[in-house]
Visitor: 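I have a structure I would like to understand better, so I am pasting it below and will then ask my questions one at a time.
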Amino acid sequence: MVVPPVGKQIVLPLDAESADLARPHTSVRLLPEYTIAMDAATGQPITSTCDPKKLSNYFADRATPHHLTRVYFRREVLHRYTAQPPATGSKPAG
């Protein structure tokens, strides 16, 4: 009994830097900043972000809330953010 040869294909590596292979598509994430309180002394809003690079975690204390800290908003407060996306004010992460 003759066994037919198994087909083989050689896949050559890409001619790219290793950093390009890790993240081939660059993306800019727009993460909003939320007003979470008002400073009683100055009347200025105190804002927080959901950008994980700016929040503290178990390994880095950035003088910001921990990335797992829960934040609760009233529905009427969130309406401001969901009714109309901001034309400006959101900053790209990074």
Side-chain angles (χ1 to χ4, degrees):
M1 179 172 171
V2 177
V3 178
V6 177
K8 295 182 181 180
Q9 293 182 345
I10 298 174
V11 178
L12 298 175
L14 293 175
D15 185 26
E17 296 292 326
S18 59
D20 294 338
L21 296 175
R23 294 198 177 263
H25 303 289
T26 59
S27 64
V28 176
R29 294 174 52 194
L30 298 177
L31 299 172
E33 290 191 4
Y34 296 98
T35 301
I36 57 172
M38 297 296 283
D39 187 359
T42 63
Q44 296 293 322
I46 299 172
T47 60
S48 184
T49 182
C50 55
D51 185 359
K53 293 179 182 176
K54 294 181 181 178
L55 294 173
S56 297
N57 56 39
Y58 293 113
F59 308 106
D61 183 12
R62 297 183 177 102
T64 57
H66 192 270
H67 75 283
L68 296 177
T69 301
R70 293 180 181 170
V71 178
Y72 298 97
F73 295 98
R74 292 188 311 269
R75 186 177 299 269
E76 58 269 13
V77 173
L78 289 177
H79 180 69
R80 173 177 153 193
Y81 296 100
T82 59
Q84 181 179 359
T88 60
S90 293
K91 299 173 187 166

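What you see is a predicted model; the values in this text were computed from it and never measured.
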Visitor: Would you say that Leu31 contacts Pro52 through its side chain, given a criterion of any heavy-atom pair below 4.5 Å between the two side chains?
Guide: yes
Visitor: Looking only at heavy atoms, what is the nearest atom pair of Asp61 and Ser56, with distance?
Guide: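 Of all heavy-atom pairs spanning Asp61 and Ser56, the closest is OD1-OG, 3.4 Å.
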Visitor: If you look only at pairs with a residue in residues 44-63, which of them pass as a ring-ring contact (aromatic ring centres under 6.0 Å, His included), with sequence neighbours excluded?
Guide: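 Output for this query lists Tyr58-His66.
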Visitor: For residues Glu33 and Lys54, report the shortest heavy-atom separation together with the two atoms involved.
Guide: OE2-NZ, 4.4 Å
Visitor: Under 3.5 Å, which donor-acceptor pairs link side chains of residues 41-50 to any protein atom two or more places apart or in another chain?
Guide:
residue : atom : partner : partner atom : Å
Thr42   : OG1  : Asp39   : OD2          : 3.1
Thr42   : OG1  : Gln44   : N            : 3.3
Thr49   : OG1  : Asp51   : N            : 3.1

Visitor: Any ring-ring contact (aromatic ring centres under 6.0 Å, His included) involving residues 31-52? Give me the pairs, sequence neighbours left out, ordered by first then second residue.
Guide: Tyr34-Phe73, Tyr34-Tyr81
